[in-house]
*Asks:* 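Have a look at this one.
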4 protein chains.
Amino acid sequence: MSEAAMTSQAKTAAAGRRGELLATAAQVFARQGYDATTVREIADAAGILAGSLYYHFDSKESMLDEILSGFLTELWTGYDAVLAAGLGPRETLEALVGQSFREIDRHRDAVAIYQRERHLAGQPRFAYLADSMSRFEAAWQGTLERGVAAGEFRSDLDLRLAYRFVRDTVWVAASWYRPGGRHDAGTIARQYLSMLLDGINIR
Amino acid sequence: MSEAAMTSQAKTAAAGRRGELLATAAQVFARQGYDATTVREIADAAGILAGSLYYHFDSKESMLDEILSGFLTELWTGYDAVLAAGLGPRETLEALVGQSFREIDRHRDAVAIYQRERHLAGQPRFAYLADSMSRFEAAWQGTLERGVAAGEFRSDLDLRLAYRFVRDTVWVAASWYRPGGRHDAGTIARQYLSMLLDGINIR
Amino acid sequence: MSEAAMTSQAKTAAAGRRGELLATAAQVFARQGYDATTVREIADAAGILAGSLYYHFDSKESMLDEILSGFLTELWTGYDAVLAAGLGPRETLEALVGQSFREIDRHRDAVAIYQRERHLAGQPRFAYLADSMSRFEAAWQGTLERGVAAGEFRSDLDLRLAYRFVRDTVWVAASWYRPGGRHDAGTIARQYLSMLLDGINIR
Amino acid sequence: MSEAAMTSQAKTAAAGRRGELLATAAQVFARQGYDATTVREIADAAGILAGSLYYHFDSKESMLDEILSGFLTELWTGYDAVLAAGLGPRETLEALVGQSFREIDRHRDAVAIYQRERHLAGQPRFAYLADSMSRFEAAWQGTLERGVAAGEFRSDLDLRLAYRFVRDTVWVAASWYRPGGRHDAGTIARQYLSMLLDGINIR
DNA sequence: TATGAATGAGCGTTCATTCAT
DNA sequence: AATGAATGAACGCTCATTCAT
């Protein structure tokens with residue numbers, strides 16, 4: 001093996017160790033909540049001692065930070081692609097919902113943590129959470145408004161309520177979604193979209 | 001004044017003080033989360049010292065217990081009345097949603113705590129949370145099933161998904177609902193019901 | 001006993017407990033150095049548990065802070081009185097040395113800590129140490145200069161060196177001085193002054 | 001090159017590296033104090049990782065040991081030469097002071113550490129510090145006694161106090177002395193000696 | 001020689017809880 | 001009812017040290 005290849009592999013392995021530990025931490029955070037999780041529990045779950053975590057991370061909080069910011073970075077990559085595609089309001093909504101369930105599928109723990117620890121947005125270190133929430137609101141509520149203007153969505157609804165309805169409905173799903181369960185993320189997304197758009201009433 | 005009367009009055013006063021302290025605790029729990037809340041913060045908010053809380057309550061956990069069980073007791077009184085009224089599926093759904101938003105209005109903090117600390121249901125002391133969740137599922141999902149059977153609700157939906165959709169939609173509202181805001185609980189309930197039943201699409 | 005008297009006594013007792021604990025902490029800091037001292041050692045010496053110290057103090061550092069600032073406050077009360085008395089240079093020097101040894105006698109531990117932890121002066125919290133050092137230098141070196149100008153002290157010495165000579169000579173004594181030893185503080189002060197002024201040579 | 005020669009060269013190189021690392025460690029110890037210094041800080045200053053230091057040294061303590069014992073060995077080589085020279089008391093005192101300032105000049109960091117960590121003398125590993133202090137006291141106090149007996153030094157002083165006065169005066173200078181400053185070690189030594197012998201008074 | 005990853009003991013600190021007053 | 005002072009367990013984190021590579 002060439003030296004370059006070895007170096008590359010070493011880098012991957014190092015990044016891989018961090019990634020493994022972050023995934024472990026995310027799992028425990030998601031199950032117990034950030035505050036109720038001790039670093040010893042994370043370390044136990046990873047099969048090392050508590051102090052050893054600090055070789056890889058600065059603090060418990062920095063693990064949380066990395067988990068959340070990593071998730072949001074990926075999320076917005078997907079969202080931005082959708083928003084830049086120039087779709088109509090209903091197609092945009094469908095794409096956003098679909099993308100959201102894909103993210104829930106890929107980052108279940110991170111999403112659950114994000115839902116539960118929203119209050120972090122007030123701390124300077126997690127200001128990007130607040131930023132994300134604003135952009136989030138702009139994207140979804142803007143799409144709803146465009147839909148109303150285009151005559152695709154009902155005009156008799158308070159859009160702020162509708163926005164929250166849609167937002168919560170989609171994201172809270174992370175709290176019960178289990179990958180490998182009865183339905184895959186795509187199926188759930190389609191059913192959710194259908195309920196969202198047409199309700200549960202017989203037409 | 002008789003001794004019995006004095007005792008009675010003392011009890012009432014004590015109950016009143018307890019109630020005040022519980023409301024204070026619920027407020028802090030709802031804002032910061034149970035684990036992130038210290039008894040000192042509760043005591044500070046109540047204007048007493050931390051140790052003094054233990055004259056009124058056995059433990060921090062017992063405060064949480066009392067808050068949650070008190071809320072659920074009231075909730076089920078309302079739900080049971082609805083369920084016993086012999087209404088059709090859609091009327092039952094409407095009544096349950098309405099009742100839920102009324103509870104959110106009256107017990108905002110308790111609902112927010114209940115949402116966030118759902119994981120407690122696994123602990124023996126909080127087994128009644130798991131019980132309540134089961135009864136909850138039975139009531140809502142049963143109503144949906146009756147509605148499908150009666151030809152009122154769509155039959156092409158996975159009812160477990162629909163149940164979660166409805167449940168989350170309603171209860172997560174407690175995380176942003178503020179009494180005295182733009183809309184009262186009744187208005188929000190009606191809008192939510194409308195979206196739930198008919199979707200956001202133009203018919 | 002009147003209520004006012006009880007309150008007063010209670011306050012004294014509370015201040016007394018703090019004072020006791022600070023004296024204990026100062027003793028351990030002086031013996032082992034601040035960094036090498038654990039709060040458990042302080043607590044052991046005080047006969048309580050480590051955590052109990054935090055009922056009285058914010059942190060280990062705040063104990064150090066209180067010890068040093070308390071000492072310096074007292075020191076400067078004495079120095080300022082000397083400097084304001086309008087004495088001649090030699091009398092001022094005599095009074096400063098005498099006052100210094102009195103402070104060493106009264107605040108042995110604090111002085112020893114002050115000597116050893118001078119590097120703290122660089123930290124914002126302990127900026128008053130740097131201030132004190134500046135005022136110190138001004139007071140002593142100014143006195144030496146006045147003495148030279150008045151023809152009382154030798155003019156062939158580098159005054160900065162002389163200042164350090166005098167300063168160190170006096171204050172390092174805290175590292176070996178034991179109250180109740182062979183000589184009292186006044187005797188030591190007189191001998192030191194004599195050596196300082198006339199040297200150890202036979203005249 | 002022969003194997004023996006290579007080994008020898010390797011040893012020399014290793015000794016050189018050890019010396020470099022010890023100088024680095026001494027610098028950090030002197031600046032921050034032994035306890036407040038982490039091996040990581042030493043390693044950082046040396047441009048290697050903390051663990052790598054253990055290829056060269058057994059422990060942090062052994063670095064300190066080597067620094068202090070190396071300094072004391074050199075110091076006593078000089079002192080012994082002075083003491084064996086058969087000088088009179090004043091000449092001996094002058095030579096000891098001169099020698100001391102030369103050591104301060106050459107081993108500034110070691111001297112500063114020695115001053116600050118005097119308490120180590122109580123530990124078995126550093127018993128040689130206590131030995132050195134005893135020999136030190138014997139040498140200086142003996143010289144003072146000889147001077148008094150010879151009618152060269154004042155007889156009205158407590159010699160134990162005078163010894164401490166002289167000792168502290170000289171060695172504490174290491175805490176502020178910077179090589180390359182306004183005065184060289186010889187100049188400082190002469191001024192200190194002059195103050196020590198004749199005082200700061202005008203004669 | 002040096003690294004990367006880990007250990008394990010101990011640190012300063014927090015916090016729910018107790019209890020005499 | 002409430003306080004002041006303490007307890008004791010646990011927490012997040014640091015750090016000297018080890019060791020396979």
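In what follows, every chain begins at residue 1, and chains take the letters A, B, ... in the order their sequences are listed. Treat the numbers as computed from the prediction; the structure is a model and nothing was measured. No hydrogens, no waters, no symmetry mates; every other heavy atom, side chains included, goes into these values.
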*Asks:* Tell me, which pairs form a salt bridge (charged side-chain N to carboxylate O under 4.0 Å, His left out) where one or both residues lie in residues 64-73 of chain A, sequence neighbours left out?
*Replies:*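 Sorted pair list: Arg18(A)-Glu66(A), Asp65(A)-Arg125(A).
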*Asks:* Whole angstroms only, please: what is the CD-P distance between Glu41(C) and dC11(E)?
*Replies:*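 Value for this atom pair: 7 Å.
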*Asks:* For the pair made of CE in Met63(C) and C1' in dC11(E), what is the distance, rounded to whole Å?
*Replies:*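 To the nearest whole Å, that distance equals 13 Å.
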*Asks:* Output all residues satisfying salt bridge (Lys or Arg N to Asp or Glu O under 4.0 Å) with Arg108(D), sequence neighbours left out; order by chain, then residue number.
*Replies:*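 Residues passing salt bridge (Lys or Arg N to Asp or Glu O under 4.0 Å) with Arg108(D): none at all.
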*Asks:* Dot-bracket for DNA chain E, 5' to 3', counting Watson-Crick or G-U wobble pairs under 3.5 Å, with [ ] for crossing pairs and | for inter-strand pairs?
*Replies:* .||||||||||||||||||||
*Asks:* To the nearest angstrom, how far is Arg17(A) atom CZ from dA5(E) atom P?
*Replies:*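 These atoms are roughly 9 Å apart.
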*Asks:* Distance check needed: dC13(F) P versus Leu64(A) CG, whole Å only.
*Replies:*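 It is 12 Å, rounded to the nearest whole Å.
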*Asks:* I need the CG-P distance between Leu53(B) and dC15(E), as an integer number of Å.
*Replies:*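 Rounded to whole Å, this separation is 15 Å.
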*Asks:* Carefully, step by step, assess Leu22(A) and Met63(A) under the rule side-chain contact (heavy atoms from CB on, under 4.5 Å).
*Replies:* CA-CA 7 Å; Leu22(A) 279 179; Met63(A) 293 184 226; 4.2 Å; yes
*Asks:* Closest nucleotide of DNA chain E for Gly47(A) versus for Ile48(D): which of these residues is on the 5' side?
*Replies:*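 It is Ile48(D), whose closest nucleotide lies nearer the 5' terminus.
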*Asks:* List in chain and number order the residues that pass salt bridge (Lys or Arg N to Asp or Glu O under 4.0 Å) with Glu41(A), two or more places apart in sequence or in another chain; answer none if no residue qualifies.
*Replies:*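 Glu41(A): no salt bridge (Lys or Arg N to Asp or Glu O under 4.0 Å) contacts found.
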*Asks:* Holding to salt bridge (Lys or Arg N to Asp or Glu O under 4.0 Å), I want the full list of residues that pass it with Arg31(D), two or more places apart in sequence or in another chain.
*Replies:*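 Here no residue qualifies.
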*Asks:* For Arg40(A), enumerate each residue passing the side chain to side chain contact (heavy atoms under 4.5 Å, CB included) test, keeping only those at least two apart in sequence or located in another chain.
*Replies:*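 Partners of Arg40(A) by the side chain to side chain contact (heavy atoms under 4.5 Å, CB included) criterion, ordered by chain and then number, come out as Thr38(A), Ala50(A).
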*Asks:* Rounding to an integer number of Å, can you tell me how far Phe57(C) CZ sits from dA5(F) P?
*Replies:*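 Going from Phe57(C) (CZ) to dA5(F) (P), I get 11 Å.
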*Asks:* Please enumerate all residues that pass salt bridge (Lys or Arg N to Asp or Glu O under 4.0 Å) together with Asp109(A), with sequence neighbours excluded.
*Replies:*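 Here no residue qualifies.
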*Asks:* For dG4(E), take OP1 and OP2 only and decide whether either is under 4.0 Å from a side-chain N or O of His56(A).
*Replies:*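 Result: no.
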*Asks:* Atom CG of Asp44(C) and atom P of dG8(F): how far apart are they, to the nearest Å?
*Replies:*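 Checked: the CG to P distance equals 13 Å.
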*Asks:* How long is the line joining OH of Tyr55(B) and P of dT3(F), in whole Å?
*Replies:*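 For the pair Tyr55(B) OH and dT3(F) P, the rounded distance is 13 Å.
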*Asks:* Specify the closest pair of heavy atoms between Ala30(A) and Ala112(A), including all atoms of both residues, with the distance to one decimal.
*Replies:*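 What the structure gives for the nearest pair is CB-CB, 4.2 Å.
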*Asks:* According to ring pair (Phe, Tyr, Trp, His ring centres under 6.0 Å), does anything in residues 30-49 of chain B pair up with another residue at least two apart or in another chain? List the pairs.
*Replies:*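 For residues 30-49 of chain B: Phe29(B)-Tyr34(B).
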*Asks:* If the sugar-phosphate is the primed atoms plus P, OP1 and OP2 and the base is the rest, what is the B/S/- string for nucleotides 16-21 of chain E, using protein heavy atoms under 4.0 Å?
*Replies:* SBB---
